[in-house]
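Working notes for the structure below.
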Number of protein chains: 2
Amino acid sequence: MLRREITAAIRDAVMHELAAVGYGRLSIEAVARRAGVGKTAIYRRWSNKLEMVLEIVTKVAGRKMPMPDTGTLRGDVEILLRILATALQHRLASQIIPDLLAEAARNPQIAETLHATLRGYSAELGTSLVGRAVERGELPPGTDPDTGVDVVLGPLYWRLAVARGPVDDAYLEHMADAVVAGLHASAASAVVPAVVPGAA
Amino acid sequence: MLRREITAAIRDAVMHELAAVGYGRLSIEAVARRAGVGKTAIYRRWSNKLEMVLEIVTKVAGRKMPMPDTGTLRGDVEILLRILATALQHRLASQIIPDLLAEAARNPQIAETLHATLRGYSAELGTSLVGRAVERGELPPGTDPDTGVDVVLGPLYWRLAVARGPVDDAYLEHMADAVVAGLHASAASAVVPAVVPGAA
DNA sequence: GTACGGCGGGACGCAACCGTAACGTCGTCG
DNA sequence: CGACGACGTTACGGTTGCGTCCCGCCGTAC
C-alpha cells in the first residue's frame, strides 16, 4: 500500500521542479530531494520520468474548467477571459504550460497527451460558447467553433505567455469587445452555406 | 583570426541542437559533435552556453522583418498574417521559439533579450500597422497599438504554436476579417479621450 | 509477537558533460 | 623557411544523474 502523503509530496515536488528547471532538466533525484523522499519511493510508483510527468500533469489538467452561461456572448467571453487570465498568471502554470508546449514540439508522446487535453477544452469551449451564441441568434449558424476559439484565447495567451505584458480590468474589457467583434466577422466571412433541408 | 566557416558551422549546429533538445538539454559537446568541431573552437568564441545561445539567436532574430504598406488595414493585416504563418511553420522556428519563450520564464537574461527583440518588433508593427490605419482614418486616433498587436498576432500564434492546428488560405482570410473587426472594436471601446489642447 | 511492506538512506557501476590543458597538424603571413 | 595561430584530438578530474540494490526502521495486520 503506497502511502498517499508520500505520493502527494512527490506530485507537488514534480510540479515545482517542472516550473523551476523545466521538463528537459528535470531529474528524479531533484524531485526526491525536494519531496524529502527516497528515489525508491518514486520508482515504486512510476518507471519513467516521462510516465511520471504525464500522469501527474494530466491529472492536474483534467480538473474541469468552469464554464458558466451568462446569457450573452459578450458576458461569456468576458468571464472566460477572466478565468484564463487568472489561470495563466499563476506562477506554476505560467512556467509549466509554455515549457510543456515547447517540449511537445519534439516529444510525440507529450504532444499527444497535451493536445488531447487541449482538444477537449477547445471542443467544450467551442460548443458551449459559440454553440450557445448560435442558439441565441447572436452568431449565424455554420460559425466555425475552432476559429472562434483561436480568436478568443489567442490574444490573451499572446499577451500573458509570450509578450508577458500587464493585464488589468480595462484591458480585459477592451479585449472582450474586440473578441466579440472578431467572432461576428469571422462568422460572417465564413461562407459555409447552411444545410438547406431537401436540397440535392 | 577565427575561421568563419567554423563559426558558421557552430551557429548552424546550435540552431539544430536547440530545435532537437531545447536550451535546457543543450550541451556544448553535442554542439561540437554536430558541427564536426572541437570543444576548443567553441570556448574560443564564447565562454558560456548562455552567452553563445543569446549571441547566436539574437543575430538570427535581428534580421529585419519586411513590413509592406498595402494601402489598407485589411491588406496589411493579411500580409502580416501570411508572413507570420510562414515563419511559424518553419521547422527550426516552430521548435526554437516556444522553447526559448519557456526558458525565458525562468532565466531573466533570456527573458530580457527575447522581450527586447519582441518589443522591437511589436513597436514597429504597432506604429506601422495601427499608426498608418489611424492616419488613413481607418481607426480612430488614440487606438492602443499594443492591444492591437495582441489581437493581430495572438490568434495565429495560438493556432500554430499552441493548438498546432492546420492553417490554409481560407483560414487566413477569415482570420484577417476577424482581426480587422477586432481592431475596430478595441479602438472604439478604448475610451481614451483625445487630448484637448487648452483644457485644464 | 511476528511477519510484512513501504519507507529513507546510502552505495553501486555506468554514462554524459563540464571547463581546461597538452599535444601535433596545417595554412598563412612575413 | 620559420613563426604563428586556429584547429582537431585526447585526456584530465570533477560533477550530476541514471536505475538498481541492500540495509535498518517503523507502522500495521494478523
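Owing to the predicted nature of the structure, the values given are computational and were not obtained by experimental measurement. Labels below follow one simple rule: chain letters A, B, ... track the order of the sequence lines, proteins then strands, and each chain is numbered from 1.
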*Exceeds 12 heavy-atom contacts within 6.0 angstrom, atom CD of B:Q109*: no

Provide, to the nearest angstrom, the distance between the [atom1] atom belonging to [X] and the [atom2] atom belonging to [N].
X: B:E5; N: C:dG27; atom1: CD; atom2: C1'; result: 11 Å
X: A:M52; N: D:dC18; atom1: CE; atom2: C1'; result: 13 Å
X: A:Y43; N: D:dG17; atom1: OH; atom2: P; result: 12 Å
X: A:K49; N: D:dC18; atom1: NZ; atom2: P; result: 7 Å
X: A:I42; N: D:dG17; atom1: CD1; atom2: C1'; result: 13 Å
X: A:E29; N: C:dG8; atom1: CD; atom2: C1'; result: 14 Å
X: B:I28; N: C:dC17; atom1: CD1; atom2: P; result: 11 Å
X: A:I10; N: C:dG6; atom1: CD1; atom2: P; result: 13 Å

Would you call [X]-[Y] a salt bridge at under 4.0 Å N-O?
X: B:R136; Y: B:D76; answer: yes
X: A:E103; Y: B:R25; answer: no
X: A:R119; Y: A:E112; answer: yes
X: A:R74; Y: A:D177; answer: yes

*Heavy atoms, side chains only, cut-off 4.5 Å: are A:T86 and A:H90 in contact?*
yes

*asked:* Please list, in numerical order, the residues of residues 33-40 of chain B that have a heavy atom closer than 4.0 Å to any atom of DNA chain D.
replied: B:G36, B:V37, B:G38, B:T40

*At their closest point, which heavy atom of B:P98 faces which heavy atom of B:R164, and how far apart are they?*
CG-NH2, 3.9 Å

_Residue from A:R34, A:K49, A:R11 passing salt bridge (charged side-chain N to carboxylate O under 4.0 Å, His left out) with A:E17_ = A:R34

Distances under 3.5 Å between nitrogen or oxygen atoms of protein and nucleotides 4-6 of chain D:
| unit_1 | atom_1 | unit_2 | atom_2 | d |
| --- | --- | --- | --- | --- |
| D:dA6 | OP1 | B:M1 | N | 2.8 |

_Using 30° and 60° as the class boundaries, would you call the ring planes of A:W158 and B:Y157 parallel, tilted or perpendicular?_
perpendicular

